[in-house]
Amino acid sequence: MSYPFAEIEPKWQARWDEKKAFRADPGDRGKYYLLEMFPYPSGRIHMGHVRNYTIADVLARFRRSQGHRVLHPMGFDAFGQPAENAAIKNKTDPSAWTQGCIRQMRSELERMGFSYDWEREVVTCEPDYYRWNQWIFLQMLKKGLAYRAGAKVNWCPNCQTTLANEEVVEEACWRCATPVELKELTQWYLKITAYCQELLDDLKQLSRWPSRVITMQENWIGRSEGVEIGFTVKGSGQRLPVFTTRPDTIFGATYVVVAPEHPILKEIRTAADVKKEGMATGAQAINPVNGEAIPIWTADYVLMEYGTGAIMAVPAHDQRDFLFAREHNLPVRVVIRPPKGGPDPSQWTEAYEGEGTQVNSAQFNGLSSAEGKKKIAAWMEEKKFGKRTVRWRLRDWLISRQRYWGTPIPVVHCQACGVVPVPEDELPVTLPAKAPLTGEGGSPLAKVKAFVGASCPRCGKLSRRETDTMATFFDSSWYFLRFCSPKEAKLPFDPKEAAYWMPVDQYIGGIEHAILHLLYSRFFTKFLRDEGLLALDEPFTRLLTQGMVLKGGEVMSKSKGNVVDPDGVIQRYGADALRLFILFAAPPEDQLEWNTQAIEGISRFLNRVWDLAESSSPGGPKDRRGDLEIASPPAGTRNDISLRRAAHAAIKRVTEDLESFKFNTAISALMELKNAIEKSPRSPDAREAVETLVRLLAPFAPHMAEELWERLGHKELLVSNPWPAHEASLLVEKEVTLVIQVNGKVRSRVTVPAGQDKETLKAKVLADPAVQKWLDGKPARDLIVVPDRLVNVVV
RNA sequence: GCCGAGGUGGCGAAACCGGCAGACGCGCAGGUCUCAAAAACCUGUGGGGGAAACCCCAUGAGAGUUCGAUUCUCUCCCUCGGCACCA
């Protein structure tokens with residue numbers, strides 16, 4: 001029979017709630033802000049949530065018992081398109097749908113025993129929250145960091161809305177995988193590119209982030225240093241700047257390529273059709289460094305959005321140019337001689353992109369290409385042929401969405417005054433309760449007459465309210481600040497509270513947010529710092545990205561039909577067993593394969609801990625093995641300290657493992673302690689060992705730990721009990737068993753007093769019959785001693 | 001192609017700073033209890049040889065450094081994740 005988890009789990013959840021046990025109250029070891037990426041309220045929690053939040057909860061409980069003042073909040077990222085789609089499908093409205101989902105998820109999170117300070121709950125679709133989205137937007141507008149621009153934008157024909165660059169994955173919508181179209185639209189952007197350099201540089205401060213996240217952000221920001229070179233069109237003299245990172249190859253340019261959308265094509269060509277894969281324009285460009293006229297081509301391998309939309313082609317030293325030149329019979333001129341192989345390009349099968357020696361490069365001949373790169377760039381700048389410059393891959397962030405369930409963008413379009421911001425004291429611009437939702441395109445808000453009609457804040461005339469809403473990534477870019485003072489009414493957050501709690505000491509979430517959410521949050525933090533509301537550069541000191549939960553080697557998903565519902569597992573095994581399993585099955589960053597048999601094993605472990613503790617509590621029943629009488633130990637002498645030692649070794653190990661997030665080995669240490677107690681049930685130290693086990697178990701299986709703690713006769717809550725400390729003196733070994741190796745192979749063992757010197761050991765080891773046998777009469781050449789561990793006899 | 005992470009029993013995984021490879025758990029095998037089964041409990045469990053003592057092999061493959069390598073260096077193979085006409 002299992003221990004009664006179905007009774008004790010709700011009992012302790014209610015007790016913790018009653019005692020407000022998880023409020024962010026003072027502690028004497030400083031603050032600790034622990035945050036998980038808050039969930040999108042989709043209906044039910046899934047195993048990914050369980051894993052994410054269990055990892056965090058163990059840390060929260062551990063830090064609390066160490067005396068930290070822990071801020072561990074939870075909220076809901078409640079705006080967004082899925083709620084709108086679900087509302088259409090279920091003939092309800094997004095607000096009601098979302099509120100229902102939140103209730104459901106909140107109760108599931110409570111059933112897991114997660115220790116949140118629910119008084120700080122933040123729900124982004126509440127006007128109390130999104131008014132501050134609008135406020136932040138207006139500050140950005142004032143600073144020119146929010147702007148409207150017409151451009152070709154990514155458009156998802158299925159979702160009927162625009163997408164940010166970050167939301168396009170392999171040229172398809174990140175949400176529904178529909179191929180993305182380009183559409184010319186006037187939209188709202190945030191100027192994240194104003195912070196390019198800082199977003200890149202400050203990655204260096206994030207030494208506690210996983211390196212792959214850093215790399216992904218670096219690649220996404222994509223800084224390249226190069227030279228913008230002033231080519232001109234032959235005849236008209238019109239400017240045609242190109243961007244290159246390889247100024248050392250300028251003398252090898254044999255043609256110029258412009259993007260098919262390049263505006264210059266209108267000037268130099270009359271024919272309207274532009275062959276995408278590549279065609280000559282007939283026009284020529286002048287290379288400023290040598291006055292040479294080279295043909296201008298157009299091809300779609302040159303992108304209008306990057307650099308200047310035009311390149312100088314150096315087929316000898318760029319593989320794409322090389323292939324293009326081969327195909328169109330364009331000349332190849334070598335200007336970097338490789339260390340091996342000659343400069344005859346007709347022999348080449350591919351471009352040489354490495355370093356070498358400058359040739360065919362006028363006064364720069366003979367220089368190494370690395371030197372040539374610097375000298376030629378400097379020379380071009382001096383001669384005004386071009387200027388050194390930096391280009392970024394990162395684009396500004398498109399935030400307009402043509403959807404209903406989001407934060408209204410707080411501006412008004414006036415015929416006379418243009419775009420006019422809604423005054424701050426009129427915020428929030430409230431989302432109307434009802435709007436005609438069809439999912440068929442166009443902003444639903446545009447069809448709500450009462451919403452659209454607004455008087456211009458400047459001239460008072462009837463104007464049209466902006467009907468696009470904000471991308472929900474806006475909402476999640478600063479929610480961690482709102483948690484610091486969730487009821488603040490004058491500003492998005494109280495700067496004093498933020499100064500105390502920020503930065504987030506530990507952030508935990510999925511790797512899928514490595515770019516979007518984390519980059520946007522870093523941007524917002526820097527902006528709010530520049531606004532004087534924050535005094536820090538980076539919001540998240542330490543980041544843990546947990547691995548995915550798989551079943552049958554695949555991510556759990558409805559379409560694959562391999563979803564394991566957390567609630568079902570709780571009913572069958574209890575929340576404590578689920579928590580323990582998910583921590584034990586794999587290290588937190590690794591993928592985790594769901595295994596029903598393994599959770600049976602965890603359940604077995606918990607039952608045995610229960611029996612051990614019960615049999616040692618006053619009047620408790622006997623253990624199921626029937627031979628334990630821990631409650632009334634025989635009047636034994638304390639000559640055997642092995643169980644005490646085991647208990648204190650467990651304290652040390654679990655503490656260290658928790659510090660370094662090694663939950664799986666921490667749990668195996670708990671299992672070892674349990675095994676040790678079972679082996680010496682009559683030891684006079686059994687009671688202390690059991691209590692230690694219960695205390696160490698508390699962060700992992702908090703309900704069982706509280707219940708057993710109470711049954712062991714304690715009155716106070718275990719959550720407010722300090723974390724145990726180990727007695728170092730107990731762990732000092734008086735005797736050690738040394739491994740004896742001969743030539744690096746284990747041949748024997750010897751038990752000796754700890755800390756014995758080499759000479760004494762040598763005599764002992766050489767006298768060992770097994771060593772004698774392997775020496776076979778030969779003298780020992782050397783003796784390597786690793787203190788209290790190993791002796792290696794070298795023959 | 002570039003960048004990042006990784007490859008250890010039948011499975012999930014351990015192994016501090018270069019020092020007993022496989023802790024802990026699952027599974028499996030044998031046993032106890034039972035009319036029987038399940039549950040629970042006990043014992044064993046990397047591969048090979050041997051009656052046993054004990055010996056040999058083994059951390060993707062191959063080399064190197066070292067008294068000693070899962071750990072450090074080099075080459076190669078494979079898996080997973082991210083980015084990708086970025087000039």
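Everything quoted here is computed from the prediction, not taken from an experiment. Letters go in sequence order (proteins before strands), and every chain restarts at 1.
Nearest nucleotide to the A/Q597 side chain, out of B/rG19, B/rG12, B/rG27: B/rG27. The side chain of A/V746 lies closest to B/rC20 when the candidates are B/rA13, B/rC24, B/rC20. The side chain of A/T215 sits closest to B/rC3 out of B/rG12, B/rA13, B/rC3. For A/I311, taking side-chain heavy atoms from C-beta onward, the closest of the listed nucleotides B/rA87, B/rA5, B/rG19 is B/rA87. Checked against B/rC86, B/rA13, B/rC24, the side chain of A/S668 finds its nearest nucleotide in B/rC24. Closest contact between the side chain of A/V739 and the listed nucleotides B/rC20, B/rA87, B/rA13 involves B/rC20. With distances taken from any side-chain atom of A/K773 to the nucleotides B/rA84, B/rG19, B/rC54, the minimum falls on B/rC54.
Comparing A/D782 and A/A669 by the nucleotide of RNA chain B that holds the closest heavy atom to each, the one mapping nearer the 5' end is A/A669.
Note on A/K674: nothing from the nucleic acid sits closer than 4.0 angstrom, heavy atoms only. Heavy atoms of A/G601 sit under 4.0 angstrom from primed sugar atoms or phosphate atoms, though from no base atom. Residue A/V302 is classed as a base contact, given a heavy-atom separation below 4.0 Å to a base.
Checked for salt-bridge contact, A/E672 and A/K674 miss the test: no charged N lies under 4.0 Å from a carboxylate O.
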Distance-only donor-acceptor pairs under 3.5 Å for side chains of residues 785-795 of chain A, two or more places apart:
residue: A/D788; atom: OD1; partner: A/G755; partner atom: N; Å: 2.8
residue: A/N792; atom: OD1; partner: A/N743; partner atom: N; Å: 3.3
residue: A/N792; atom: OD1; partner: A/G744; partner atom: N; Å: 3.0

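Put simply, A/R747 has a side-chain N or O that comes within less than 4.0 Å of OP1 or OP2 on B/rC56. Of the side-chain N and O atoms in A/W774, one or more sit less than 4.0 angstrom from OP1 or OP2 of B/rC55. Taking only side-chain nitrogens and oxygens, A/R320 comes nearer than 4.0 Å to OP1 or OP2 of B/rC86. Between A/R393 and B/rA84, a side-chain N or O to OP1/OP2 separation shorter than 4.0 Å is present. Taking only side-chain nitrogens and oxygens, A/S224 comes nearer than 4.0 Å to OP1 or OP2 of B/rA87. An OP1 or OP2 oxygen of B/rA39 is reached within less than 4.0 angstrom by no side-chain nitrogen or oxygen of A/R604. In terms of phosphate contacts, A/K662 brings no side-chain nitrogen or oxygen within less than 4.0 Å of OP1 or OP2 of B/rC16. Taking only side-chain nitrogens and oxygens, A/R608 comes nearer than 4.0 Å to OP1 or OP2 of B/rC41. Taking side-chain N and O atoms only, A/N792 has no distance below 4.0 Å to OP1 or OP2 of B/rU66. A close approach under 4.0 Å does occur between a side-chain nitrogen or oxygen of A/N664 and OP1 or OP2 of B/rA14. At the phosphate of B/rC17, neither OP1 nor OP2 sits under 4.0 Å from any side-chain N or O atom of A/R789. Taking 4.0 angstrom as the limit, A/K745 places a side-chain polar atom (N or O) nearer than this to OP1 or OP2 of B/rC57.
Taking only distance into account, the side chain of A/R749 meets the base of B/rC20 through a donor-acceptor pair shorter than 3.5 Å. With hydrogens and angles ignored, no donor-acceptor pair under 3.5 angstrom links the side chain of A/N219 to the base of B/rC83. In this model, no side-chain donor or acceptor of A/Q319 finds a partner on the base of B/rG1 within 3.5 Å.
The base-pairing partner of B/rG22, taking Watson-Crick or G-U wobble contacts with both distances under 3.5 Å, does not exist among the strands shown. In this structure, B/rC83 and B/rG1 make a Watson-Crick or G-U wobble pair, each of the two defining distances being under 3.5 angstrom.
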Do nucleotides 46-52 of chain B as a string where each nucleotide becomes B, S or -: B if the base has a protein heavy atom under 4.0 Å, S if just the sugar-phosphate does, - if no protein is that close.
-------

